[in-house]
Amino acid sequence: MLPVALAPGLPERASRDPEGGGGNGRGRRPILVIEPRRHHRCAECDRGPLPRIVLDSGAPRCLDCGDLGHLVFLPRGDTALTRRAREESTLSAVVIRFNRRRRRYERQGMLVEEEALTVAEQRCLADAEARARRRARDALRRAAEDVRFTAALEAEILRLFPGCPPERAHHVAVHTSVRGSGRVGRSAAGRALDATAVTAALRASVRHLDTPYDELLMARVPRNRARARVAAGVEAVLAGWAAGREP
């Protein structure tokens with residue numbers, strides 16, 4: 001049988017997940033189980049279509065033929081439970097699925113031994129109150145950090161572009177610094193208040209609010225072409241603000 005055709009970019013490791021989805025916690029390379037987009041049959045028992053497969057020399061195997069059929073699925077979402085179940089489980093696997101929009105494989109959860117999951121659930125119940133208090137403290141700390149960062153970003157916008165209206169600087173700082181948004185303010189350069197990143201955040205605001213860019217997109221003008229058509233206007237506004245001229 002020919003190797004199964006999968007989406008590009010199949011990861012060899014899954015240890016970068018914030019829930020710590022790498023193997024059994026001992027630094028070993030994790031076993032990957034794939035939730036395929038297409039229908040596949042097991043190369044060994046011919047059962048199918050398979051909701052989950054494990055690759056063996058490029059050929060799909062069902063979990064039973066891959067010696068993983070006795071494991072139970074633990075969805076992602078509970079960091080403590082996932083970490084503890086992985087620690088307790090002698091055998092585990094990371095379940096991944098290809099995200100077409102982001103064009104990458106993403107972790108869906110883990111397969112662990114049922115007894116390990118039971119022990120992990122008991123451990124989580126035993127210290128649930130303490131972990132809840134810690135989460136509350138962490139949330140307050142992050143909120144305070146976000147307020148300080150947003151204020152610093154707003155001040156840097158006004159320093160670089162003294163002609164920028166204060167309400168616009170505030171709006172851009174709040175919008176671009178939302179935690180987990182992936183916007184430029186949350187990038188490493190943005191957190192460091194790099195001038196290029198700060199300018200990029202303000203440029204995006206000008207593009208949407210001070211030019212017909214959004215109307216061009218609604219008219220189905222390709223994104224790159226729409227940006228090119230409004231580029232001169234965007235840079236003129238930024239240049240004026242940088243020189244201290246208010247609109």
Side-chain angles (χ1 to χ4, degrees), residues 9 11 13-22 76-77 79-80 83 99 101-107 131-218 221-247:
R13 301 187 67 84
S15 57
R16 285 192 244 174
D17 188 86
E19 296 181 7
R76 65 174 304 166
T79 303
R83 173 174 52 80
N99 185 315
R101 182 173 62 85
R102 296 182 176 178
R103 299 198 57 79
R104 69 185 185 194
Y105 280 91
E106 296 179 338
R107 186 179 180 279
R131 289 186 293 109
R133 290 196 300 267
R134 185 169 62 247
R135 286 195 298 270
R137 291 195 302 270
D138 290 344
L140 290 174
R141 175 183 52 79
R142 288 193 297 268
E145 290 175 351
D146 289 347
V147 169
R148 289 193 295 268
F149 173 67
T150 300
L153 180 56
E154 181 179 345
E156 185 64 9
I157 291 173
L158 292 174
R159 187 187 71 82
L160 294 173
F161 299 91
C164 177
E167 62 275 13
R168 175 67 69 86
H170 177 74
H171 172 78
V172 171
V174 170
H175 176 77
T176 196
S177 62
V178 173
R179 187 181 293 268
S181 65
R183 297 172 186 142
V184 66
R186 300 308 307 186
S187 65
R191 291 195 302 272
L193 300 179
D194 176 78
T196 301
V198 173
T199 302
L202 190 58
R203 178 179 289 111
S205 175
V206 172
R207 183 183 298 122
H208 287 286
L209 299 180
D210 299 285
T211 74
Y213 178 68
D214 289 354
E215 287 83 352
L216 292 173
L217 293 182
M218 285 298 295
V221 176
R223 175 173 167 271
N224 290 341
R225 189 178 301 170
R227 286 197 172 197
R229 287 172 62 173
V230 303
V234 171
E235 297 308 316
V237 173
L238 292 178
W241 287 351
R245 297 192 301 271
E246 296 185 4

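Residue numbers start at 1 and run along the sequence shown.
Rounding to the nearest 0.5 angstrom, the gap separating the CZ atom in R134 from the CZ atom in R137 is 7.0 Å. Atom OG1 of T79 and atom CZ of R135 lie 9.0 Å apart (nearest 0.5 Å). Interatomic distance, CD of E145 versus CG of L140, reported as 11.0 Å (0.5 Å rounding). In this structure, NE2 in H175 is found 7.5 Å from NE2 in H208, a value given to the nearest 0.5 Å. In this structure, CG on D194 lies 8.5 Å from OG1 on T199, to the nearest 0.5 angstrom.
No side-chain donor-acceptor contact under 3.5 Å links T176 to the backbone of V172.
Listed by chain and number, the residues in a salt bridge (charged side-chain N to carboxylate O under 4.0 Å, His left out) with E106 are R102, R104 (sequence neighbours excluded).
Using a 4.5 Å cut-off on side-chain heavy atoms (C-beta onward), E235 and L238 make contact. Taking 4.5 Å as the limit, some side-chain heavy atom of R223 sits within range of a side-chain heavy atom of Y213.
Considering every non-hydrogen atom in both R229 and V221, the closest pair reads NH1-CG2, 4.0 Å. Considering every non-hydrogen atom in both V234 and R207, the closest pair reads CG2-CA, 3.8 Å.
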Please table the atom pairs, donor to acceptor, closer than 3.5 Å between any side-chain atom in residues 155-171 and protein atoms at least two apart or in another chain.
unit_1	atom_1	unit_2	atom_2	d
E156	OE1	R159	NE	3.1
E156	OE2	R159	NE	3.4
E156	OE2	R159	NH2	2.7
R168	NH1	S205	OG	3.3
R168	NH1	D210	OD2	2.9
R168	NH2	D210	OD1	3.4
R168	NH2	D210	OD2	3.1
H170	ND1	E154	OE1	3.0

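By the 4.0 Å N-to-carboxylate-O rule, R141 lies close enough to D138 to be salt-bridged with it.
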